[in-house]
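One structure below.
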Amino acid sequence: MNSLLNQPKLKRNFFTLDVLTVAQSLLGKILVKKSDGNTYAGKIVEVEAYDGTFDEAAHTFIGKTKRNEIMFAEGGFFYVYFTYGAHFCCNIVTGVKDIGTAVLLRAVEPLIGIEEMAINRFGHHLLNEKEKFNLTSGPGKLCKAFDINKKHNTTDLTGNEIFILKQRKISADKIVITKRIGIKKSVELPWRFYIKNNPYVSRK
DNA sequence: CCACGGATTGGCT
DNA sequence: GCCAATCCGTGGA
């Protein structure tokens, strides 16, 4: 069924490039999580870049703290945080060591483990096509669907639990660039990227 | 110790 | 379109 999954994992050198390059390169790649006998996989369709060196919206703009520490590691680690008293969001740390940059995963297109994602999100099996589009079309939603939580913070993405599969590069004319969503600082930076016309993007 | 606000979501008007 | 829910990280007293 899945030639998409028959691809090598991205290695360290993919993630250690600068955050804007990695953000756009991640579009179209496959996020995979294996745990407790379940396998989840989805195509990354929407991301945002955060760069604490001058971006006031980045969690690392205030410097290193216990919460954001992993963002200062070299690229290829998972940064998971909890927000609004209810939701987890997951990021992929980028760049060289001691630079606080990361890419927020905002939406994926579900590929593998869809029924389990529905259980995680809604507590029941998929009822209709509409629910499928609501499974992973947002940063909090995709973490719920993939059962990603605080214990996955600092996970090494070159390991075997959570990783990303290489895929063909998405051409520039298929990438839409906009301002980021849901932030109050540095709102003008055009650092949100999504795949044009993909129905799993959180919003236009 | 206490106060404040958030890289969101879903339900109600 | 508007807004409450809900709790943890952060910083100031």
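Computed from a prediction, not measured in an experiment: that's the story for all the values here. Here is the naming used below: chain letters follow the sequence lines, and residue numbers restart at 1 for every chain. No hydrogens, no waters, no symmetry mates; every other heavy atom, side chains included, goes into these values.
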Specify the separation, in whole Å, of atom CZ of A:Phe61 and atom C1' of C:dG11.
16 Å

The answer to which of A:Ile62 and A:Tyr84 contacts DNA chain C further toward the 5' end, by nearest nucleotide, is A:Tyr84

Nucleotide nearest A:Arg121 when distance is taken to its side chain, options B:dA7, B:dG10, B:dG6:
B:dG10

Checking all strands, does A:Ile183 fall into the base, sugar-phosphate, or nothing category for heavy-atom contacts under 4.0 angstrom?
sugar-phosphate

Salt-bridge test for A:Arg106 and A:Glu48: reply yes if a basic N is under 4.0 Å from a carboxylate O, no otherwise.
yes

Go through the steps to decide whether A:Thr16 and A:Glu74 satisfy the test side-chain hydrogen bond (donor to acceptor under 3.5 Å, both in side chains), and finish with yes or no.
CA-CA 6 Å; A:Thr16 53; A:Glu74 66 176 338; over 6 Å; no

Between P of B:dG10 and CZ of A:Arg203, the distance in whole Å:
15 Å

Indicate whether the side chain of A:Asn134 and that of A:Lys141 have a donor and an acceptor atom separated by less than 3.5 Å.
yes

At under 4.0 Å between heavy atoms, what does A:Lys150 touch on the DNA or RNA strands: base, sugar-phosphate, or nothing?
sugar-phosphate

Is there side-chain contact between A:Pro110 and A:Tyr200, with heavy atoms separated by less than 4.5 Å?
yes

Who does B:dT8 pair with, Watson-Crick or G-U, both distances under 3.5 Å?
C:dA5

5'-most contact on DNA chain B: A:Leu142 or A:Gly85, nearest heavy atom basis?
A:Gly85

Provide, to the nearest angstrom, the distance between the OH atom belonging to A:Tyr81 and the P atom belonging to B:dA7.
6 Å

Any side-chain N or O of A:Lys66 less than 4.0 Å from the OP1 or OP2 oxygen of C:dT10?
no

Tell me which of A:Thr83 and A:Thr65 sits closer to the 5' end of DNA chain C, going by the nucleotide each one is nearest to.
A:Thr83

Considering every strand and a 4.0 Å limit on heavy-atom distances, what is the contact class for A:Arg67: base, sugar-phosphate, or nothing?
sugar-phosphate

Atom-pair distance (NE2 on A:His59; P on C:dT10), nearest Å:
9 Å

Base, sugar-phosphate, or nothing for A:Arg192, non-hydrogen atoms under 4.0 angstrom?
nothing

